[in-house]
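Everything on this sheet refers to the single structure shown next.
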Amino acid sequence: MSDNYISTQPPTKIDITVAHEARVYDYWLGGKDNYPADRALGDAIAEHIPTIKTMARANRAFLTRAVRYLVGEAGITQFLDIGTGIPTAGNTHEVAQRLDPAARIVYVDKDPIVLAHARALMSSTSQGRTRFVHADLHDPRSILDHPALADTLDLTKPVAIMLVAIMMYFRDSDHPEEIIGTLLDAVPSGSHLVITHPTADFDAAAMAAVTAAAEASGIAFHPRSQADTATLFTGTTLVDPGLVPVATWRPELTDRPTPVTKADSAWYWAGIGHKP
Ligand SMILES: C[S@@+](CC[C@H](N)C(=O)[O-])C[C@H]1O[C@@H](n2cnc3c(N)ncnc32)[C@H](O)[C@@H]1O
């Protein structure tokens with residue numbers, strides 16, 4: 001097997017009896033890598049937000065637009081994609097390497113099932129390079145100091161740090177701004193920070209019920225307001241159009257652009273910050 005797959009963590013058994021973030025999200029996206037516990041939580045959340053599958057897809061579609069912007073307009077060729085999720089259509093390296101075959105990507109996820117799929121699916125162009133690191137963002141140094149990172153990314157050149165639909169798993173007491181600060185300190189000027197974040201700003205009652213359902217399944221889930229999400233971008237300057245509802249972030253960067261008729265159709269804030 002290629003050296004695309006790298007883990008310094010001890011082998012972890014995949015537990016299908018409890019819901020996992022990656023598999024619930026896979027269920028909403030229409031994937032097959034999920035189990036009854038994941039689907040039960042996914043359905044419980046859908047009772048409070050019937051359009052949750054559409055919202056998950058809107059978040060995923062933003063990821064594609066963000067990578068297109070980063071490669072096509074910001075000239076980024078290196079990506080650190082943390083909280084990768086189970087591979088699905090339009091993974092970061094596929095979008096980036098279509099525009100620049102020499103693009104280099106390090107994927108990071110803590111879920112062993114993502115690790116299992118990474119081995120099979122994270123294939124790079126011959127000009128570029130793709131690696132997968134099994135690690136937990138609660139310890140950002142375990143990512144930054146990982147040999148796969150130095151082997152893949154040149155940290156003297158700009159990097160896009162992708163935190164797409166992951167920071168809601170961090171409580172304020174985890175000090176997410178310090179974790180992101182550690183990542184930003186490791187990359188040079190010209191680097192970018194991509195974040196999407198679920199929010200209660202559009203429907204507080206529904207999001208409170210979602211939080212309760214997730215926590216009852218053992219998953220920490222913390223929606224953040226627009227102001228609190230903005231603080232996660234500390235040390236960067238938001239590029240246009242700023243921190244906006246995910247569906248409205250540069251909707252023209254899709255293959256078949258359609259007008260956004262309902263700006264708050266997906267309850268995520270989305271933004272890209274530029275490190276000056
Ligand atoms: C909702 S999925 C998002 C996947 C992808 N970024 C996207 O937006 O399409 C969140 C992913 O973050 C991963 N994750 C959650 N907490 C993490 C942590 N502390 N460290 C690394 N990965 C984490 C989960 O395992 C899951 O695969």
Side-chain angles (χ1 to χ4, degrees), residues 19-31 34 38-66 81-86 88 109-111 114 137-138 161-177 179-180 193-233 238 241-249 251 260 262-273:
H20 274 227
E21 301 94 315
R23 301 190 311 234
V24 174
Y25 185 67
D26 175 74
Y27 172 54
W28 288 334
L29 288 182
N34 48 75
D38 309 308
R39 294 192 282 274
L41 176 56
D43 289 339
I45 290 175
E47 275 179 29
H48 303 290
I49 306 182
T51 55
I52 189 70
K53 293 184 181 179
T54 312
M55 293 193 188
R57 287 182 190 132
N59 173 71
R60 188 73 195 177
F62 162 82
L63 189 146
T64 296
R65 301 198 302 280
D81 182 343
I82 305 175
T84 306
I86 294 167
T88 179
D109 205 289
K110 66 165 192 179
D111 193 320
V114 179
L137 178 59
H138 284 96
I161 298 167
M162 313 273 296
L163 299 173
V164 181
I166 176 174
M167 295 318 296
M168 66 282 195
Y169 302 126
F170 288 71
R171 302 173 195 277
D172 289 345
S173 57
D174 291 326
H175 301 293
E177 67 294 340
I179 291 171
I180 295 173
L193 172 66
V194 181
I195 297 176
T196 66
H197 206 298
T199 184
D201 290 354
F202 302 113
D203 188 329
M207 211 41 105
V210 167
T211 302
E215 301 265 353
S217 294
I219 293 176
F221 183 81
H222 302 279
R224 285 189 169 85
S225 67
Q226 186 178 25
D228 288 345
T229 304
T231 65
L232 301 178
F233 286 93
L238 284 164
L243 186 61
V244 296
V246 70
T248 66
W249 197 96
V260 178
K262 203 166 174 296
D264 63 350
S265 56
W267 301 341
Y268 289 85
W269 294 114
I272 298 186

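Heads up: numbering here begins at 1 and tracks the sequence. All figures in this text were calculated on a predicted structure; none of them were measured in a lab.
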(request) Please round to the nearest 0.5 Å and tell me the distance separating atom CG of Asp111 and atom CD of Glu21. (result) 7.0 Å

(request) Only one of Leu243, Leu193, Ile180 passes side-chain contact (heavy atoms from CB on, under 4.5 Å) with Leu232; say which it is. (result) Ile180

(message) Is any side-chain heavy atom of Phe62 closer than 4.5 Å to one of Val194?
(response) yes

(request) Can you see which heavy atom on Ile86 is nearest to which on Ala22, and at what distance? (result) CD1-O, 3.8 Å

(message) Minimum heavy-atom separation for Val246 and Ala58, please, with both atom names.
(response) CG2-O, 4.0 Å

(request) With rounding to the nearest 0.5 Å, note down the distance linking CZ in Phe170 to CD1 in Ile179. (result) 5.0 Å

(request) State which residues pass side-chain hydrogen bond (donor to acceptor under 3.5 Å, both in side chains) with Asp201; sequence neighbours excluded, sorted by chain then number. (result) Thr199, Trp269

(request) Please name all residues satisfying side-chain contact (heavy atoms from CB on, under 4.5 Å) with Thr248, sequence neighbours left out, ordered by chain then number. (result) Val244, Pro245, Val260, Ala263

(request) Please tell me if the side chains of Thr231 and Glu177 come closer than 4.5 Å, counting only heavy atoms from C-beta onward. (result) no

(request) Please confirm whether the backbone N or O of Arg39 pairs with a side-chain atom of Asn34, one donor and one acceptor, at under 3.5 Å? (result) no

Report all side-chain donor-acceptor pairs from residues 211-220 shorter than 3.5 Å, counting only partners two or more places apart or in another chain.
{"residue": "Thr211", "atom": "OG1", "partner": "Met207", "partner atom": "O", "Å": "2.9"}
{"residue": "Glu215", "atom": "OE2", "partner": "Phe221", "partner atom": "N", "Å": "3.2"}
{"residue": "Ser217", "atom": "OG", "partner": "Ala213", "partner atom": "O", "Å": "3.4"}

(message) Just to verify, what does Tyr25 make a side-chain hydrogen bond (donor to acceptor under 3.5 Å, both in side chains) with, not counting sequence neighbours?
(response) Asn59

(request) Starting from the C-alpha separation in whole Å, work towards a yes-or-no answer on side chain to side chain contact (heavy atoms under 4.5 Å, CB included) for Leu29 and Arg57. (result) CA-CA 6 Å; Leu29 288 182; Arg57 287 182 190 132; 3.8 Å; yes

(request) First locate atom OG1 of Thr196, then atom CH2 of Trp249, and finally report the distance between them rounded to the nearest 0.5 Å. (result) 12.0 Å

(message) To the nearest 0.5 Å, what is the distance between CD on Gln226 and OG1 on Thr229?
(response) 8.0 Å

(request) Would you please name every residue forming a ring pair (Phe, Tyr, Trp, His ring centres under 6.0 Å) with Tyr268, sequence neighbours left out? (result) none

(message) Rounded to the nearest 0.5 Å, what separates atom CG in Asp38 from atom NE2 in His20?
(response) 7.5 Å

(message) Looking at every heavy atom in both Asp228 and Arg224, which two are closest together, and how far apart are they?
(response) CB-CB, 4.1 Å

(message) Give me the atom names and distance for the closest heavy-atom approach of Gly273 to Phe233.
(response) N-CE2, 3.7 Å

(message) Ignoring hydrogens, what is the shortest heavy-atom contact between Ala19 and Val24? Give both atom names and the distance.
(response) CB-CG2, 4.2 Å

(message) Suppose we screen for side-chain contact (heavy atoms from CB on, under 4.5 Å). Which residues come up paired with Asp43, at least two apart in sequence or across chains?
(response) Tyr27

(message) Side chains of His222 and Pro176, heavy atoms from C-beta outward: is any pair under 4.5 Å?
(response) no

(message) Is there a side chain to side chain contact (heavy atoms under 4.5 Å, CB included) between Leu137 and Met167? Walk through the geometry before answering.
(response) CA-CA 9 Å; Leu137 178 59; Met167 295 318 296; 3.9 Å; yes

(message) Quick check for you: to the nearest 0.5 Å, what is the distance between Thr84 atom OG1 and Met162 atom CE?
(response) 9.5 Å

(request) Considering non-hydrogen atoms only, spot the tightest contact between Ala66 and Ile272 and give its length. (result) CB-CD1, 3.8 Å

(request) Under the side chain to side chain contact (heavy atoms under 4.5 Å, CB included) rule, what do Lys53 and Met55 come out as? Steps first, then yes or no, please. (result) CA-CA 5 Å; Lys53 293 184 181 179; Met55 293 193 188; over 6 Å; no

